[in-house]
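Report on the following structure.
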Amino acid sequence: MKEIACKLLVIGTGPGGYVCAIRAGQLGLDTVIVEMAKPGGTCLNIGCIPSKALIHAADDFYGAVAMAAGKNAMGIRAENPAIDLAKTMAWKDGITGRLTMGVSGLLKKAGVKIVVGRAKFRDGKTVAVETETGQQVIRAENIVIATGSAPVELPALPFGGKVISSTGALSLTEVPGRLAIVGAGYIGLELGIAFAKLGSKVTIVEALDRILPLYDTQLTQPVAKRLSALGAEVLLGTKVRGMSATGEALLAETGDGEEKRIAADRVLVTVGRRPVTEGWGREELELDMDGRFLRIDEQCRTSMRGIYAIGDVTGEPMLAHRAMAQGEMVAEIVSGKRRNWDKRAIPAICFTDPEIVSVGLSPDEARAGGREVKVGHFPFTANGRAMTLSSEEGFVRVVARADNHLVLGIQAVGTGVSELSAAFSLAVEMGARLEDIAATIHAHPTQSEAFAEASMRALGHALHV
Ligand code: FAD
Ligand code: NAD
């Protein structure tokens with residue numbers, strides 16, 4: 001049995017853990033990070049990156065199919081487009097491989113020691129890791145739990161065989177002819193749209209009466225329209241019962257009691273993710289919980305001194321950039337800096353077609369406190385760049401206080417609007433007012449002009465609408 005001691009031990013190399021460890025190393029802290037799978041966690045290996053790679057490949061393929069069908073308004077022709085999904089996956093694996101190697105390299109560059117194996121707490125200061133070469137005991141002054149999340153499994157649809165999670169969907173080597181998806185949230189819609197473009201007959205079963213319940217219907221309506229144009233069927237207010245006796249079809253029941261039998265080659269279950277709170281010795285500790293999640297304060301401290309928690313294991317929103325921001329903050333706190341979670345907003349993006357971005361409050365959320373608000377809405381139909389990109393669907397919407405014009409929230413739906421999230425986040429974080437955005441020169445021709453125009457419209461003087 002080997003023993004080491006360090007100032008900071010991080011469990012998990014997802015976006016939360018690896019960012020925390022890199023920053024700690026930069027700050028000169030003697031840091032160790034433990035990972036039982038590949039560096040990069042869910043995000044790099046089986047989440048954000050591989051899903052966006054598949055979405056991009058699906059877009060390209062779908063564009064080629066439209067060209068071959070003579071449906072390209074620009075006059076571009078293609079013949080007999082085909083996709084070799086095994087090759088697509090190999091390309092995607094090449095990207096994730098480069099990124100995970102990059103994470104290992106950055107950790108080493110920052111002087112962080114990487115230990116490979118499953119970490120388990122012995123007590124509040126000691127962790128044992130089962131490594132390939134035996135047990136490694138690590139004593140640490142401070143420990144960060146960054147164990148992330150895993151897909152929720154439905155008792156009636158256990159993973160295995162036809163029934164797959166996002167991880168399974170992101171490693172398919174053949175496009176399923178008929179794909180049934182349970183859950184019309186982030187993953188169900190991002191991957192559902194991608195597979196519909198790749199040629200699957202997609203049916204999505206959602207328990208609630210709307211898709212993407214996190215976003216308002218004005219934002220989700222263009223996505224619903226696109227799903228329909230892609231031939232995807234969405235069954236709202238419908239509950240799944242399980243697979244048929246022969247395993248040929250997914251059984252579901254609509255809100256008015258109608259039985260549905262959805263013939264499927266694959267059933268993708270995307271009904272949320274659960275925090276990984278087991279398997280690392282939580283029973284040896286006295287950690288307060290916040291529902292299913294580890295309870296943390298505004299410095300990511302748990303209820304035990306010297307133990308911090310970051311990322312998906314600490315709650316919603318389960319997003320990579322939240323985990324990274326928490327990780328960076330915790331490393332600075334451990335190094336003695338005074339830091340607090342003081343973010344005004346965490347941007348959220350759904351990489352559907354069209355994409356949805358939301359930063360800060362929606363109009364309804366802003367009004368909920370009885371506050372008077374101004375809302376400016378600018379459609380991409382009036383934006384030259386959007387026209388040249390053949391993507392006129394969607395809009396930018398700015399929400400501000402009526403009294404002093406402080407921007408409270410910014411949302412957009414449209415092709416490629418994910419890249420506008422940086423400007424939106426900066427505006428909210430810096431406390432911009434409508435006049436600040438309206439007075440900023442936005443380069444022409446770009447979709448970002450819609451941001452300035454939406455702000456001008458809230459002030460009553462948009463120029464191009
Ligand atoms: P994780 O990334 O889950 O990493 C936790 C790590 O801890 C894992 O590597 C695990 O092996 C390790 N670990 C757990 N227990 C132990 C142990 N006992 N010992 C050693 N190691 C351990 N978010 C976005 O912001 N944008 C997106 O576009 C996006 N797309 C997504 C697409 C999909 C299909 C999925 C599934 C998720 C997506 N997410 C996205 C969510 C994002 O992946 C997570 O929010 C993010 O990975 C959370 O980071 P984390 O560091 O908390 O945990
Ligand atoms: P989700 O919470 O986004 O959506 C789950 C959906 O499943 C909801 O609409 C819910 O009403 C529905 N549902 C739940 N139980 C059901 C049932 N029994 N039958 C039918 N429908 C049911 O969850 P997800 O799509 O699995 O994604 C998990 C998390 O991963 C997200 O919440 C998000 O934090 C993260 N993620 C983020 C991105 C991104 O940032 N672009 C992309 C993918 C995943």
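As the structure lists them, so they are numbered: ligands from 1, and atoms in each ligand from 1. Source: prediction; values computed, not measured.
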* Asked: When rounded to the nearest 0.5 angstrom, what distance separates CD in Glu328 from CG in Leu27?
  -> 8.5 Å
* Asked: Should the proximity of Pro15 to ligand 1, defined as any heavy atom under 4.0 Å, be assigned to the side chain, the backbone, both, or neither?
  -> both
* Distance from atom 11 (O) of ligand 2 to nearest protein heavy atom, with residue and atom -> Glu206 OE2, 2.6 Å
* Would you kindly say whether Thr126 and Arg139 are connected by a side-chain donor-acceptor distance under 3.5 Å? => yes
* To do: For ligand 1, indicate whether the residue Thr147 contacts it via side chain, backbone, both or neither (heavy-atom separation under 4.0 Å).
  => both
* To do: Answer side chain, backbone, both or neither: which part of Ala320 comes under 4.0 Å from ligand 2, heavy atoms only.
  => neither
* **Atoms in ligand 2 with a heavy atom of Val205 nearer than 4.0 Å** => 20 (C), 21 (N)
* Within less than 4.0 angstrom of ligand 2, does Lys239 place any heavy atom? -> no
* How close does the nearest protein non-hydrogen atom get to atom 30 (O) of ligand 2, and which residue and atom is it? -> Arg273 CD, 3.7 Å
* Structure fact -> Closest to atom 32 (O) of ligand 2 among protein heavy atoms sits Tyr186 CD1, 3.9 Å
* Could you tell me whether ligand 1 has any atom less than 4.0 Å away from a heavy atom of Gly117? => yes
* **Distance filter under 4.0 Å to Leu208 heavy atoms, resulting ligand 2 atoms** => 11 (O)
* Asked: Closest non-hydrogen protein atom to atom 20 (C) of ligand 2, residue and atom name please, with distance?
  -> Ala207 N, 3.3 Å
* Asked: Any idea which atoms of ligand 2 are less than 4.0 Å away from a heavy-atom of Val182?
  -> 19 (N), 20 (C)
* Asked: Which of the atoms in ligand 2, numbered in the order shown and given with their element, are less than 4.0 Å from a heavy-atom of Phe351?
  -> 41 (N)
* **Per atom 17 (C) of ligand 1, closest listed option by heavy atom (Gly40, Gly12, Ala119, Gly14)** => Ala119
* Minimum non-hydrogen distance to atom 41 (N) of ligand 2, winning option of Glu355, Arg274, Glu190 -> Glu190
* Asked: Quick one: does Trp341's side chain get under 4.5 Å of Ile296's, heavy atoms only?
  -> no
* Asked: What part of Lys120 sits under 4.0 Å from ligand 1 if we count only heavy atoms: the side chain, the backbone, both or neither?
  -> neither
* atom 4 (O) of ligand 2 [closest protein heavy-atom partner, distance rounded to 0.1 Å] -> Gly185 CA, 3.2 Å
* Lys113, NZ atom: more than 12 neighbouring heavy atoms under 6.0 Å -> no
* Asked: In terms of heavy-atom contacts, does CD of Glu259 have more than 12 from other residues, nucleotides or ligands at under 6.0 Å?
  -> yes
* Which bit of Phe351 gets closer than 4.0 Å to ligand 1, counting heavy atoms only: side chain, backbone, both or neither? -> side chain
* Asked: Considering only heavy atoms, which of Gly47, Pro317, Ala323 lies nearest to atom 37 (C) of ligand 1?
  -> Gly47
* **atom 44 (C) of ligand 2 [closest protein heavy-atom partner, distance rounded to 0.1 Å]** => Ile187 CG1, 3.4 Å
* **Atoms in ligand 2 flagged as close to Pro213, the criterion being non-hydrogen separation under 4.0 Å** => 9 (O)
* Asked: When you look for heavy atoms under 4.0 Å from ligand 1, do you find them on the side chain of Arg322, its backbone, both, or neither?
  -> neither
* Mind checking whether Ile349 contacts ligand 2 via backbone (N, CA, C, O), side chain (CB onward), both or neither, at a 4.0 Å heavy-atom cut-off? => backbone
* Structure fact -> Looking only at non-hydrogen atoms, the one of Arg282, Glu35, Met36 nearest atom 10 (C) of ligand 1 is Glu35
* Inter-residue atom distance Phe159.CZ - Ser165.OG, 0.5 Å rounding -> 5.0 Å
* Asked: Side chains of Gln411 and Arg397: is there a donor and an acceptor less than 3.5 Å apart?
  -> yes
* Between Thr238 and ligand 2, is there a nitrogen or oxygen pair with a distance under 3.5 Å? -> no
* To do: Using distance alone, with no hydrogens and no angle criterion, decide if Ser418 and Glu355 have a side-chain donor and acceptor under 3.5 Å apart.
  => yes
* Could you tell me which atoms of ligand 2, counted from 1 in the order shown, lie closer than 4.0 angstrom to a heavy atom of Gly183? => 6 (C), 7 (O), 12 (C), 21 (N)
* Asked: Could you state the interatomic distance from CG (Leu154) to NZ (Lys239), rounded to the nearest 0.5 Å?
  -> 12.0 Å
* Scan side-chain atoms only and decide if Asp256 and Thr254 contain a donor-acceptor pair under the 3.5 Å cut-off. => yes
* Structure fact -> shortest atom 13 (N) of ligand 2-to-protein heavy-atom contact is with Val271 CG1, 3.8 Å
* Please verify whether a non-hydrogen atom of Leu44 lies at under 4.0 Å from ligand 1. => no
* What protein heavy atom sits nearest atom 2 (O) of ligand 2, and how far away is it? -> Gly272 CA, 4.1 Å
* Structure fact -> Going by the 4.0 angstrom heavy-atom rule, the piece of Ser51 near ligand 1 is side chain
* **Side chain, backbone, both or neither: the part of Leu191 lying under 4.0 Å from ligand 1 by heavy atom** => neither
* Do any nitrogen or oxygen atoms of Met318 lie less than 3.5 angstrom from nitrogen or oxygen atoms of ligand 2? -> yes
* **Mode of Ser149 contact toward ligand 1 - side chain, backbone, both, neither (heavy atoms, under 4.0 Å)** => backbone
* Would you please indicate if the ring centroids of Phe451 and Phe424 are separated by under 6.0 Å? => yes
